[in-house]
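Single-structure report; data block below.
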Amino acid sequence: MRIGIIGAGNIGGNLTRRLTALGHDVAVANSRGPHTLRELAEETGATPVRAEEAARGAEVVVVAVPLKAVPDLPPGLFDEAAEGVAVIDTGNYYPRQRDGRIAGIEDENLTESRWTERRIGHAVIKAFNGTYAQDILDRHRPAGAPGRMALPVAGDDEAAKRKTRSLIDELGFDTVDAGGIDDSWRQQPGTPVYGMRGDSEAVTRALADASPARTPDFRG
Ligand SMILES: NC(=O)c1ccc[n+]([C@@H]2O[C@H](COP(=O)([O-])OP(=O)(O)OC[C@H]3O[C@@H](n4cnc5c(N)ncnc54)[C@H](OP(=O)(O)O)[C@@H]3O)[C@@H](O)[C@H]2O)c1
């Protein structure tokens, strides 16, 4: 499958590694340009591209940039993507350490992914946001393996959610349907499921135990 990855850091880099290893045709972009991605390209066989080109022909696009960089992404990013493209948002809001205060999220009480959708002009599927980047390399297991880790997946586009869940299964993890984007506060930073390494049952319980109030650490 043709997959575009925007952001080649911890999470985008490791998704590039695993998705190429599975045989997918991956185009990867960062902010500094393709010439800075030569090493990753040599290591993985992914094609380094400019962010503008990453979604071209892609059935899945992963947005893995810091939240504060989302408004800098080029306009019309998904214009040449494949029909029905699933756009996966890995983002988290870290107002204190990284992103600064984002008024849309705090004052309008939007979920982080709803805010991102409005900036990029496309529906997203929220996935991988609470998964340690290293776990993508180290903790994948075949389907049915005991203790296989599960990831929560939220989104309003059911077809895109199905496609995302099937790709995550291929990557070696179970998934739990975490509802729509308005429900995705249940998997944001500070919630019980965030950073959790549990199976489907544990993830389902953690999602149910979440509180909608943003914890002080994650308020700007
Ligand atoms: N680290 C984790 O374990 C982890 C796990 C789950 C989710 N997340 C979330 O995923 C997001 C990315 O985290 P990360 O740790 O992977 O970040 P990171 O290591 O800092 O990497 C960020 C990447 O985004 C690129 N980027 C920044 N601005 C861009 C722009 N305008 N256009 C294109 N690319 C741009 C950077 O490119 P340059 O280097 O060229 O600037 C870099 O490749 C964050 O919201 C984070 O909270 C992280």
Side-chain angles (χ1 to χ4, degrees), residues 4-19 26-41 43-44 46-56 58 61-78 87-100 102 104-105 110-117 119-122 124-140 149-154 164 168 171 173 175 178 184-185 187-191 193-197 203 214-215 217-218 220:
I5 301 189
I6 304 172
N10 299 304
I11 192 96
N14 283 352
L15 284 172
T16 300
R17 290 182 177 91
R18 284 285 297 139
L19 289 167
V26 175
V28 61
N30 64 4
S31 78
R32 287 163 295 149
H35 64 285
T36 66
L37 290 168
R38 264 186 223 130
E39 242 177 71
L40 182 64
E43 177 196 336
T44 62
T47 308
V49 295
R50 293 182 303 124
E52 286 82 347
E53 302 159 335
R56 210 169 269 170
V61 176
V62 182
V63 177
V65 304
L67 215 66
K68 68 172 179 193
V70 166
D72 303 333
L73 292 174
L77 200 51
F78 307 104
V87 177
I88 300 177
D89 170 25
T90 73
N92 296 302
Y93 176 44
Y94 276 77
R96 300 193 178 203
Q97 293 100 317
R98 186 187 62 204
D99 298 317
I102 295 180
I105 292 175
L110 295 178
T111 59
E112 294 163 18
S113 284
R114 186 70 78 202
W115 179 86
T116 292
E117 283 189 342
R119 296 293 152 317
I120 64 175
H122 201 285
V124 301
I125 303 296
K126 189 177 194 72
F128 300 110
N129 73 294
T131 311
Y132 293 105
Q134 192 62 32
D135 285 356
I136 289 170
L137 297 185
D138 296 345
R139 293 191 176 237
H140 55 90
M149 256 178 74
L151 277 53
V153 179
T164 302
I168 294 173
L171 280 165
F173 302 93
T175 56
S184 65
W185 53 267
Q187 68 190 73
Q188 290 183 170
T191 60
V193 83
Y194 189 72
M196 179 186 211
R197 289 164 165 154
V203 165
R214 195 172 276 286
T215 59
D217 285 356
F218 294 103

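Order of appearance sets the numbers: ligands from 1, and atoms from 1 within every ligand.
Counting the atoms of ligand 1 from 1 in the order shown, those under 4.0 Å from a heavy atom of Gly91 are 45 (O). Residue contact check: Gly7 has heavy atoms under 4.0 Å from atoms 23 (C), 24 (O), 25 (C), 43 (O) of ligand 1. Which parts of ligand 1 touch Phe128 is read off a 4.0 Å heavy-atom cut-off, strictly below it: atoms 6 (C), 7 (C).
Atom 5 (C) of ligand 1 has its closest protein heavy atom at Thr131 O, 2.9 Å. Nearest non-hydrogen protein atom to atom 13 (O) of ligand 1 is Ile11 CG2, 4.0 Å. Summary of contacts: the protein heavy atom closest to atom 28 (N) of ligand 1 is Ala69 CB, 3.4 Å. Summary of contacts: the protein heavy atom closest to atom 44 (C) of ligand 1 is Arg98 NH1, 3.5 Å. The closest protein non-hydrogen atom to atom 32 (N) of ligand 1 is Leu73 CD2, 3.6 Å. Here the protein heavy atom with the shortest distance to atom 31 (N) of ligand 1 is Asp72 CB, 3.8 Å. Asn92 N, 3.1 Å is the protein heavy atom nearest to atom 45 (O) of ligand 1. Summary of contacts: the protein heavy atom closest to atom 39 (O) of ligand 1 is Arg32 NH2, 3.0 Å.
At a 4.0 Å heavy-atom cut-off, ligand 1 does not touch Thr36 at all. At a heavy-atom distance under 4.0 Å, atoms from both the backbone and the side chain of Val65 approach ligand 1. Contacts between Ala64 and ligand 1 below 4.0 angstrom, taking non-hydrogen atoms only, involve the backbone exclusively. When heavy-atom distances to ligand 1 are checked against a 4.0 Å cut-off, Glu112 has no atom that comes that close, whether in backbone or side chain.
When the heavy atoms of Gly9, Gly195, Ser31, Pro74 are ranked by distance to atom 38 (P) of ligand 1, first place goes to Ser31. With Thr90, Leu77, Asn30 as candidates, the residue nearest to atom 36 (C) of ligand 1 on a non-hydrogen basis is Asn30.
Considering backbone and side-chain atoms alike, Ala8 places an N or O below 3.5 Å from some N or O of ligand 1. For ligand 1, none of its N or O atoms has an N or O atom of Tyr94 under 3.5 Å away. Residue Asn129 has no N or O atom closer than 3.5 Å to an N or O atom of ligand 1. Between Asn10 and ligand 1, at least one N/O pair is under 3.5 Å apart. Backbone and side-chain nitrogen or oxygen atoms of Tyr194 are examined, and none is located within less than 3.5 angstrom of a nitrogen or oxygen of ligand 1. Where the criterion is an N or O separation shorter than 3.5 Å, residue side chain and backbone included, Pro66 fails it with respect to ligand 1. Here's the thing with Ala133: one of its N/O atoms is less than 3.5 angstrom from an N/O atom of ligand 1. In terms of polar-atom proximity, defined here as any N/O pair under 3.5 Å, Tyr132 makes no such contact with ligand 1.
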Exercise. What do the steps show when you test Tyr194 against Asn92 for side-chain contact (heavy atoms from CB on, under 4.5 Å), and what is the final call?
Worked result: CA-CA 10 Å; Tyr194 189 72; Asn92 296 302; 3.2 Å; yes
Problem set entry | Stepwise side-chain contact (heavy atoms from CB on, under 4.5 Å) check, Asp89 with Trp115 | CA-CA 11 Å; Asp89 170 25; Trp115 179 86; over 6 Å; no
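You'll find the ring centres of Phe218 and Tyr94 inside the 6.0 Å limit.
Of all non-hydrogen atoms in Val203 and Ala150, the two that sit nearest each other are CG2-O, 3.4 Å. Pairing each heavy atom of Val28 with each of Ala46, the nearest pair is CG1-CB, 4.1 Å. Between Ala29 and Arg50 the shortest heavy-atom distance is CB-C, 3.8 Å.
Proximity of Gln134 to ligand 1 is not established, as no heavy-atom distance is less than 4.0 Å.
Checked for salt-bridge contact, Arg38 and Glu43 miss the test: no charged N lies under 4.0 Å from a carboxylate O.
Every pair passing salt bridge (charged side-chain N to carboxylate O under 4.0 Å, His left out) that includes a residue from residues 128-137 is listed here, sequence neighbours excluded: Asp135-Arg139, Asp135-Arg197.
Between the side chains of Asn10 and Tyr132, no donor-acceptor pair of N or O atoms lies under 3.5 Å. Asn129 and Thr90 form no side-chain donor-acceptor contact under 3.5 Å, judged by distance and modelled atom types alone.
Under the 30°/60° scheme for interplanar angles, the aromatic rings of Phe173 and His140 are found to stand perpendicular.
Around the CD atom of Gln97, the shell of radius 6.0 Å holds more than 12 heavy atoms that belong to other residues, nucleotides or ligands.
The salt bridge (charged side-chain N to carboxylate O under 4.0 Å, His left out) search around Arg114 returns Glu117, Asp156, Asp182, not counting sequence neighbours.
Inter-residue side-chain proximity for Met196 and Met149 is flagged as unmet; no heavy-atom pair is nearer than 4.5 Å. By the 4.5 Å heavy-atom criterion applied to side chains, Leu137 and Arg18 are counted as neighbours.
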